[in-house]
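As structure tokens, the structure follows; a few thoughts come after it.
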Number of protein chains: 2
Amino acid sequence: MVRSEETKPQFKTGKARGRPRSFDRTTALEQAVLAFWEHGYEATSVSDLTRVMGIGAPSLYAAFGDKQALFAEVVAEYGTRYGSFTGRALAEEPTARAAVARILREAAAEYTAPGRPHGCLVIHAATNCTTPEVEESLRERRNANLVAFERRIEADIAAGELPADLDAAAFARHAGAVVQGMSQQARDGASRQELEAVAEIAMNIWPRT
Amino acid sequence: MVRSEETKPQFKTGKARGRPRSFDRTTALEQAVLAFWEHGYEATSVSDLTRVMGIGAPSLYAAFGDKQALFAEVVAEYGTRYGSFTGRALAEEPTARAAVARILREAAAEYTAPGRPHGCLVIHAATNCTTPEVEESLRERRNANLVAFERRIEADIAAGELPADLDAAAFARHAGAVVQGMSQQARDGASRQELEAVAEIAMNIWPRT
DNA sequence: TCTTTTCTGTAACGACCGCTAGGGAAATGC
DNA sequence: GCATTTCCCTAGCGGTCGTTACAGAAAAGA
């Protein structure tokens with residue numbers, strides 16, 4: 001029996017036959033984002049999810065596939081809604097240094113924002129995970145971020161904005177390490193001001209221009 | 001019925017009455033260290049533990065109490081066997097700067113040492129943990145490390161070794177963030193050389209003397 | 001109205017979780 | 001030899017995990 005499989009909110013594809021679903025898929029997804037963000041993939045059970053999403057298990061499975069597919073959608077939603085500040089900084093700031101400075105500054109605020117879980121979902125939600133593909137998917141996202149940092153730094157070197165002998169990969173790794181450490185400390189209770197101080201100190205590694 | 005409760009290897013307290021245990025408690029504990037270190041508290045099941053320790057579940061419970069007590073003993077064993085390099089550096093190096101430099105350099109090696117799990121058990125093994133006391137116990141250890149960094153920096157300020165207006169708490173937090181970020185990246189596949197480059201870059205924040 | 005389609009709620013599946021009762025087995029002291 | 005103490009193994013406890021069968025309810029099309 002073929003199932004409709006993960007019916008995203010059908011816009012005007014026909015006329016929506018049969019009984020319509022009684023919950024808003026987007027707001028349910030947002031609640032799942034918060035739950036996975038706070039407790040991680042494994043520690044968030046399906047019954048936790050059905051409770052915070054306000055739906056029954058069969059509705060969850062009909063709308064999102066299974067727990068792993070829901071998590072993948074959660075990660076994508078998190079990326080566009082909460083995790084896009086790094087990409088924006090890399091694209092909008094005139095130099096790699098300015099981009100990293102903005103990323104660290106904004107991370108201090110994002111990772112301690114009131115009313116939502118602290119730290120970064122991509123960094124924490126799939127650590128110590130018994131499902132290897134889930135752990136690997138977030139690891140790939142983290143490493144992709146390092147590559148994005150590195151590419152931006154390389155562009156500045158090519159443009160003469162940074163010294164030719166600067167180790168782009170190492171500087172990118174350093175920026176990533178500071179971001180990841182700040183996220184960990186946000187989870188451990190650090191305040192926005194404390195993380196901003198860390199960000200400011202960390203920026204002193206960049207060569208004087 | 002009162003149980004003997006966690007009989008540590010009885011030295012010469014009497015003559016060891018009854019049937020002696022058939023496994024070596026220390027080597028079994030070491031296997032538990034490696035298992036918890038690699039997969040974390042929740043993701044390491046009791047049956048995982050009994051397998052790698054080579055004993056049955058009742059033997060495990062008789063010798064170590066329960067899973068949580070075993071984990072506490074594992075954390076202590078990890079601290080003395082693998083995690084003591086930070087305390088040594090803080091105690092032995094002549095300045096805070098030298099201590100942090102040594103900590104970062106040694107962390108690059110420790111967190112990527114072949115033949116054992118990468119990264120730091122204290123940083124990773126209790127993230128996304130459904131047992132709040134376990135998560136909290138490692139969080140306290142991490143925050144205690146930050147305080148130790150801060151105290152060492154304050155001592156250098158008091159001795160005139162560092163500027164009087166230097167923000168000891170922020171510098172301590174920065175060092176901790178770099179260490180935690182390096183540990184995360186070690187788990188994500190970074191090599192010792194890559195982490196040593198990060199460590200070297202991170203040391204450039206310290207004021208010129 | 002009646003059929004068709006799709007969603008919802010109940011209730012349960014098999015698997016694994018941390019943990020332990022209970023009966024022998026192996027050492028001691030006498 | 002015997003009784004005592006302690007350990008190990010088998011087997012299973014109650015509970016939760018992710019997932020789904022099934023039947024009834026609610027919409028559309030005829």
Side-chain angles (χ1 to χ4, degrees), chain A residues 1-10 12-25 28 32 35-36 39-72 74 128-134, chain B residues 1-10 12-25 28 32 35-36 39-72 74 128-134:
Chain A
M1 183 170 303
V2 181
R3 138 142 12 151
S4 67
E5 268 307 328
E6 193 170 323
T7 317
K8 303 258 179 111
Q10 59 245 21
K12 42 192 62 175
T13 70
K15 324 232 172 189
R17 321 225 324 170
R19 177 177 175 178
R21 78 163 52 95
S22 64
F23 61 94
D24 182 52
R25 195 180 187 280
F36 277 129
H39 300 110
Y41 178 75
E42 303 264 348
T44 305
S45 70
V46 172
S47 67
D48 290 336
L49 291 166
T50 57
R51 193 180 58 252
V52 301
M53 298 167 85
I55 62 179
S59 299
L60 187 155
Y61 279 82
F64 298 99
D66 62 0
K67 187 187 179 185
Q68 196 169 329
L70 170 59
F71 183 72
V74 158
N128 301 137
C129 193
T130 55
T131 315
E133 310 124 26
V134 173
Chain B
M1 183 171 304
V2 181
R3 139 143 9 154
S4 67
E5 267 306 328
E6 192 170 321
T7 318
K8 303 258 178 110
Q10 59 246 20
K12 42 192 63 174
T13 70
K15 325 235 172 189
R17 321 222 326 170
R19 176 178 175 179
R21 77 163 54 95
S22 64
F23 59 94
D24 181 52
R25 195 180 186 280
F36 277 129
H39 300 110
Y41 178 74
E42 303 263 348
T44 306
S45 70
V46 172
S47 67
D48 290 336
L49 290 166
T50 56
R51 193 180 57 251
V52 301
M53 297 167 85
I55 62 178
S59 299
L60 187 155
Y61 280 84
F64 297 99
D66 62 0
K67 188 187 178 185
Q68 196 168 329
L70 170 59
F71 183 71
V74 158
N128 302 138
C129 193
T130 55
T131 314
E133 310 123 25
V134 173

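By convention in this document, chain letters (A, B, ...) are assigned in the order of the sequence lines, proteins followed by strands, and residues within each chain are numbered from 1.
- Of all nucleotides listed (C:dT8, D:dA27, D:dT19), D:dA27 comes nearest to the side chain of A:Pro20.
- If you take CG of B:Asp66 and C1' of D:dC13, they are 17 Å apart, rounded to a whole angstrom.
- Atoms CZ (B:Arg21) and C1' (C:dA25) sit 17 Å apart, rounded to a whole Å.
- Nearest to the side-chain atoms of A:Arg17 among the listed nucleotides D:dG29, C:dT8, C:dA21 stands D:dG29.
- In this structure, B:Phe23 atom CZ and C:dA26 atom C1' are separated by 15 Å, rounded to whole Å.
- Here A:Arg19 pairs with nothing under the side chain to side chain donor-acceptor pair (under 3.5 Å) rule; sequence neighbours left out.
- The separation between B:Leu60 atom CG and C:dC17 atom P is 14 Å, rounded to whole Å.
- Nearest-nucleotide mapping onto DNA chain C: of A:Arg19 and B:Gly18, the residue sitting toward the 5' end is A:Arg19.
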Self-check item: From CA spacing to verdict: side-chain contact (heavy atoms from CB on, under 4.5 Å), B:Leu60, B:Met53
Solution: CA-CA 9 Å; B:Leu60 187 155; B:Met53 297 167 85; 3.8 Å; yes

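- Between B:Thr131 and B:Gln68 the shortest heavy-atom distance is CG2-OE1, 3.8 Å.
- Rounded to whole Å, atom P of C:dC19 lies 14 Å from atom CD1 of B:Ile55.
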Quiz item: When you look at A:Tyr61 and A:Val46, which way does the side-chain contact (heavy atoms from CB on, under 4.5 Å) test go after all the steps?
Solution: CA-CA 10 Å; A:Tyr61 279 82; A:Val46 172; 3.7 Å; yes

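- When distances are taken from the side chain of A:Ala57 to each of C:dC7, C:dA21, D:dT19, the shortest belongs to D:dT19.
- When each of C:dG18, D:dT19, C:dA25 is scored by its nearest atom to the side-chain atoms of B:Lys67, the top-ranked nucleotide is C:dG18.
- At whole-Å resolution of the value, CZ in A:Phe36 and C1' in D:dG18 are 11 Å apart.
- By the 30° and 60° cut-offs, the orientation of the rings of B:Phe36 relative to B:Tyr41 is parallel.
- Under the rule for a side chain to side chain donor-acceptor pair (under 3.5 Å), A:Ser22 has no partner lying at least two apart in sequence or in another chain.
- In this structure, A:Gln68 atom CD and D:dC17 atom P are separated by 18 Å, rounded to whole Å.
- For C:dT8, one of the phosphate oxygens OP1 or OP2 lies less than 4.0 angstrom from a side-chain nitrogen or oxygen of A:Ser59.
- Contacts between residues 42-52 of chain B and DNA chain D, counted as heavy-atom distances below 4.0 Å, involve no residue at all.
- A 4.5 Å side-chain heavy-atom check between B:Glu42 and B:Asn128 finds every atom pair outside the cut-off.
- The side chain of A:Ser22 sits closest to C:dT8 out of D:dC7, D:dT19, C:dT8.
- Contact between the side-chain N/O atoms of A:Tyr61 and the OP1/OP2 oxygens of D:dT19 is found at a separation under 4.0 Å.
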